[in-house]
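All chains are named by letter (A, B, ...) in the order of the sequence lines, taking the proteins before the strands, and each is independently numbered beginning at 1.
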Amino acid sequence: MRAWLFRISFSHLAQYPGRTLLGILGIALGTAVYLSISLAAASALQSFQVGVTAVAGQAEWRIQTPGAPLDESLFVKVRRLASVAAAAPAVESVLSLAGVHRGPVLLLGIDPFSERPFRDYEFAHAGVLSDTAWTEVLTRPDAVLVSGPLASLLGLKVGDGLAVMVGPRRRALRVAGIFTSRRGLYPLDGAVLLMDIGPAQELLDRVGGLDYIDVIGAGPPAEVQKRLQEALPPGVEVVRPSAQGSRTEGLVASYRLNLAVLSAIALFVGMFLIYQSVTLSVVRRRREIGLLRTLGMTPGQVLLLFLAEGLASGLVGGLLGLGLGVGLARGVLAVMTQNLSSLYMPVAAQEVGVQGGLLLQAWGLAVAATLLAAYLPAREAARTQLRAVWHREELEEIIESKAGLIFGWGLVALVLAGVGAYAKINDGPPWPGFVAAFLILLGFALFTPLAARLLGQGLQPVLRKILGPAGDLGCRYLAGAMSRSAVSIAALACALGMLIAVTVMIGSFRQTVNDWVSRAISGDIFFGPAVFSTAAYDQYLPPEVLAELRQDPDVADIYLYRCVRIPFKHRYILVIGGSFEVLARHGGLWFRQGDTRAIMERVGRVEGGGEEEAIMGQGPGKKDYTATMSHDDNRKPETENRKPSVVISEPLAETLHLQEGGTITLPTPSGPQTLTIAGVFYDYRTDGPSVWMDISLFRRFWRDTHLNAVRLYLKDPARVPQVQARLQERYGDRYRLLALSHRDLRNGILRIFDETFALTYALEGVAVVVAVFGIITTFLVLIRERERDLALLQAIGASRRQILGMVLVESGLAGGLSFGLGAACGSVLSLLLIFVINKQAFGWTIQLHFTPAIYWQTLILVLTLSLAAAAYPAWRAIQPHLAAILKEE
Amino acid sequence: MIELVEVSKVYHRGPEVIQALDHLNVQIDAGEFVAITGKSGCGKSTLLHIIGGLESVSRGKVLLDGCDLAQLREPARTEFRRDRVGVVFQSFNLLPLLTLEENVALPRVLQGASYDQARQEAAHWLGEVGLSGRQGHKPHQVSGGEMQRAAIARALINQPAVILADEPTGNLDSVTAAQILALFSHLHRQWGKTIILVSHAPEAGSAADRVLRLADGRLLA
């Protein structure tokens with residue numbers, strides 16, 4: 001019996017292949033987008049995790065100092081501990097290949113004698129590295145072991161040279177051997193170099209320092225950790241190696257979540273298509289339902305009949321989507337890798353790992369979405385009274401009479417959305433905000449029937465006057481065929497709403513970032529390593545360059561900048577040391593409250609710091625901060641009543657609920673330091689929330705003399721191009737430094753911004769394409785079903801132009817209404833995205849900047865599409881075959 | 001006067017060729033009430049549609065007051081359908097979105113009359129067919145007989161010279177069918193319209209001045 005029922009459904013699907021195909025394509029596109037985002041995100045993160053696992057090897061514990069090197073003397077101390085079975089020191093850095101092939105490469109400096117228990121390197125020549133190679137690795141300062149994948153990629157063999165950029169300097173290395181990983185796990189997709197730790201420290205300018213010590217414990221884990229912690233000085237932490245991976249996942253969690261939600265929207269719009277397709281099927285087959293019910297079919301069987309139709313579309317569309325999604329994932333991965341690398345961390349994933357679980361999840365989601373979408377019209381069909389079945393007009397009357405009620409439900413959805421928007425979350429993804437977004441979409445979708453009726457009725461007298469019968473009938477059809485067209489209008493409105501909201505949000509964000517660059521980043525020239533990435537914390541400015549800059553007659557002031565990334569409360573944050581006295585003079589941060597200059601001066605006023613710093617005598621602000629180091633090494637932590645001041649970024653304040661005047665206790669190499677929060681500033685970096693302090697304070701706590709970059713304030717800002725060119729000429733090739741003007745910096749930031757949101761726009765584009773499928777399907781079906789009416793109109797004297805006009809008026813009004821609802825919905829959604837979701841997910845305050853262009857561009861797009869979608873079926877309907885259409889059954 | 005000269009109509013259904021009308025010659029005078037009868041599929045509806053300009057001929061001429069319908073281009077055919085003929089269908093073919101009054105008024109509006117004028121006239125014609133007081137109803141809210149009366153009023157509103165009725169009683173019970181036929185007779189008598197009524201029911205012939213019997217696309221003697 002059921003098989004027979006399903007045959008009825010399938011024969012209907014086959015009878016209208018175009019419409020069926022559009023429905024299937026809608027679901028397929030939604031599924032494909034969702035799957036490609038999931039696969040690409042999983043592959044990118046898996047690549048990173050593989051790197052973490054490969055580097056960690058068998059290590060159970062990792063000893064490190066947040067954002068600072070460890071003293072290498074600790075290694076001997078740790079190895080001698082009874083609770084330590086094995087220990088291995090390491091330094092590591094992500095360098096750039098400097099040959100024909102560019103790209104990141106991980107340099108690991110290891111102690112070959114301590115390594116064996118930890119990492120499973122396998123060397124060429126039957127698993128044993130030749131004596132010559134070992135001798136080279138241990139004795140030559142430029143000898144490296146190259147991973148098999150990298151050697152294959154670059155065609156390297158033993159004895160070859162390999163050029164890399166270490167920060168600003170180009171260094172020539174020599175391949176002493178080639179190694180492989182037994183388990184095939186490599187960081188950075190296989191781009192790895194191994195080096196003896198001593199030469200590596202020299203190469204990376206970290207003599208005497210270690211990045212971490214890996215440990216295998218002897219005894220119960222808790223005991224090992226306790227013993228280690230007791231033996232280590234303050235500021236040194238003992239963590240599980242996997243913590244790095246989970247913190248990194250946390251860093252990119254919001255990025256992933258936003259993409260996942262956006263991709264789900266394409267599926268959501270696809271659901272409308274299925275809903276609409278099944279609804280149209282129910283409407284068109286009401287007589288058939290009536291007949292089947294009259295013949296004894298139960299409501300349950302009717303329900304199954306229509307669910308089967310939706311299910312078939314879901315199954316096929318889902319399968320098609322899986323194929324498309326896997327194909328798309330490679331392209332998405334390339335964009336995502338670029339985004340993650342420029343925003344968060346070096347990622348070098350190239351291959352998409354097709355995970356069965358994700359495929360199943362996407363397919364399941366597609367099927368569930370279609371079943372859910374098909375359920376409502378199917379239930380409506382099952383519940384329909386027999387009499388109504390025979391008279392479609394009665395259904396229209398029912399919907400018309402319920403339009404007010406449906407509108408009321410829409411209002412309820414909006415009120416609930418308001419509640420969701422105000423719901424505060426302490427941590428994690430902003431789920432209430434996302435729920436509010438879907439409620440807003442739903443709310444405006446529910447406004448459609450009443451809006452269609454009011455628009456049709458309201459415009460009828462006007463359009464009748466202007467366009468005659470075409471205007472009159474077009475309005476009537478819009479107002480009177482809601483069972484068919486309302487869903488399509490709602491679907492298109494939702495897609496347009498999302499498009500408008502995301503565009504307004506991105507436009508506002510872009511403008512805010514632009515303002516932020518102008519207001520919050522002062523300086524005429526930004527000078528540092530030529531790595532336009534926020535992940536380059538270990539790229540340093542050569543000290544001799546700073547000394548030369550101080551003598552430069554064009555330079556009035558120099559702002560010093562040092563940044564480290566430290567783990568803090570299950571996430572990474574940035575700690576930035578800067579010259580606050582310089583900022584106080586020139587401005588540079590944009591505080592959400594308080595007097596900027598007073599805050600800067602307070603942060604720059606470091607106890608015992610000012611008087612120790614030698615003024616270099618080249619004008620105000622040219623202090624030699626490097627001179628403060630040795631005096632501060634043994635300084636005790638600040639006492640409670642003399643807490644130094646710092647400023648923190650808004651995202652940090654929002655995520656940890658910190659406020660101006662409060663305190664924050666940071667883990668530092670000098671032990672935990674409690675600091676007063678002098679101000680909270682707007683900040684739109686993507687690589688983590690940040691704490692800013694005066695550089696002398698930073699150096700006191702971190703015992704670090706490095707600088708990542710400087711900002712130069714010129715005596716004559718008009719000379720920026722000349723000074724920029726001179727610096728580039730003098731240092732560009734020698735140290736691979738880059739001098740950027742303020743305008744260059746702004747353009748660079750906005751370029752990365754645009755690249756980041758390219759994927760977002762692509763996702764929105766897909767949602768709109770899916771919705772356009774809906775509007776085309778609707779008009780194809782609507783006009784096909786109305787062929788008889790149209791033929792009748794011609795029979796009683798309507799001209800072809802009048803018929804065409806009527807159809808175009810209706811489709812134009814439907815498009816216009818979709819736009820109107822979409823614009824209203826999009827505007828509300830944009831407020832939610834800007835003031836709630838972004839605030840909760842990233843802690844960013846975005847200034848609202850409406851983008852009028854998106855409104856009129858969308859209007860033109862929708863009207864064009866609506867009119868085009870209706871033009872073909874309308875043209876078909878006015879072909880001279882009246883008699884055939886009107887012929888009695 | 002309507003004159004069909006050697007009219008043939010051929011349909012192609014796949015490889016099959018169907019001769020719906022075969023060298024037909026008919027002459028109908030102005031003011032005449034003609035019933036065309038015959039078995040199902042004999043070509044009577046095709047003949048009506050050709051006279052009404054809904055369908056073109058494969059061969060031959062259809063002359064209305066000397067004007068050959070086949071020579072008319074589409075705009076002129078539209079005007080012809082709108083101004084010169086009124087059509088009544090078996091299944092009423094009222095637009096479900098419109099009230100009876102609006103359905104009736106529609107041809108006048110299409111002709112260019114103002115809405116108020118058209119609605120006034122529609123109310124008059126609805127009265128003529130016995131539907132006063134039903135103007136505001138939609139088609140699905142009235143009976144089959146009432147729908148057909150409204151369809152007749154719609155056919156009359158532009159005061160065409162010719163009324164074409166295609167099986168107007170086919171969907172009605174015998175009592176209502178008799179009332180509708182009586183209405184046609186009344187209209188013929190009162191307004192002097194040329195009425196061409198197609199029906200397979202023999203009783204349709206009793207109301208007409210002349211009965212044409214069709215079989216296999218030809219007139220029976």
Side-chain angles (χ1 to χ4, degrees), chain A residues 387-388 390-397 400 453 456-457 460-461 464-465 467-484 785-803 805-806 810 878-889, chain B residues 9 11 20 40 45-46 48-50 52-56 74-98 102-115 118 138-141 151 154-155 157-158 160 164 166-167 170-171 198:
Chain A
R387 183 176 149 63
W390 298 101
H391 299 286
R392 199 192 69 221
E393 294 70 36
E394 290 185 3
L395 174 75
E396 296 293 354
E397 279 188 354
E400 198 176 324
R453 196 179 82 188
Q457 290 173 348
Q460 192 187 340
R464 179 200 291 161
K465 205 165 259 179
L467 299 171
D472 181 60
L473 289 171
C475 289
R476 280 173 181 275
Y477 273 114
L478 178 78
M482 285 191 289
S483 70
R484 297 150 186 232
E785 287 199 346
R786 214 181 283 152
E787 259 180 352
R788 199 182 172 86
D789 284 4
L790 299 181
L792 172 74
L793 280 167
Q794 282 183 274
I796 62 173
S799 66
R800 290 181 178 184
R801 215 169 65 178
Q802 285 171 321
I803 302 280
M806 182 193 87
E810 185 189 356
I878 56 174
Q879 294 313 297
H881 53 293
L882 298 181
I885 296 169
L886 290 169
K887 206 163 235 168
E888 310 305 341
E889 297 85 355
Chain B
K9 178 71 183 178
Y11 292 113
S40 185
S45 288
T46 302
L48 198 76
H49 290 151
I50 284 173
L54 302 178
E55 211 161 344
S56 54
E74 186 51 38
R77 285 173 84 93
T78 299
E79 278 180 30
F80 167 78
R81 283 194 299 266
R82 190 183 65 204
D83 301 338
R84 307 284 296 276
V85 296
V87 188
V88 179
F89 301 93
Q90 179 179 350
S91 58
F92 328 127
N93 279 341
L94 297 173
L95 292 179
L97 284 175
L98 307 184
E102 289 166 336
N103 264 290
V104 174
L106 191 57
R108 277 294 280 144
V109 173
L110 292 171
Q111 208 176 35
S114 75
Y115 275 82
K138 287 199 172 167
H140 68 276
Q141 294 169 326
R154 181 180 64 190
I157 192 166
N158 279 351
L164 304 173
D166 187 3
E167 300 276 10
N171 279 356
V198 159

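No part of B:Gln111 comes within reach of chain A, as not one of its non-hydrogen atoms sits under 4.5 angstrom from that chain. With a threshold of 4.5 angstrom between heavy atoms, B:Tyr115 approaches chain A through side-chain atoms but not through N, CA, C or O. Contact of B:Glu79 with chain A is not made at all, since no heavy-atom distance falls under 4.5 Å. There is no contact between B:Pro75 and chain A, counting heavy-atom distances below 4.5 Å. Residue A:Leu793 touches chain B through both its backbone and its side chain, counting heavy-atom pairs closer than 4.5 Å.
A distance of 7.5 Å separates CD1 in A:Ile796 from CG in B:Asn103, rounded to the nearest 0.5 Å.
Of the listed residues (B:Leu94, B:Leu98, B:Ile50, B:Val85), the one with the most heavy-atom contacts under 4.5 Å to chain A is B:Leu98. Among B:Lys138, B:Arg77, B:Arg154, the residue making the largest number of heavy-atom pairs under 4.5 Å with chain A is B:Arg154.
The shortest non-hydrogen separation linking A:Gln794 to B:Arg81 is O-NE, 2.8 Å. The two residues A:Gly797 and B:Thr78 come nearest to each other via the heavy atoms O-CG2, 3.3 Å.
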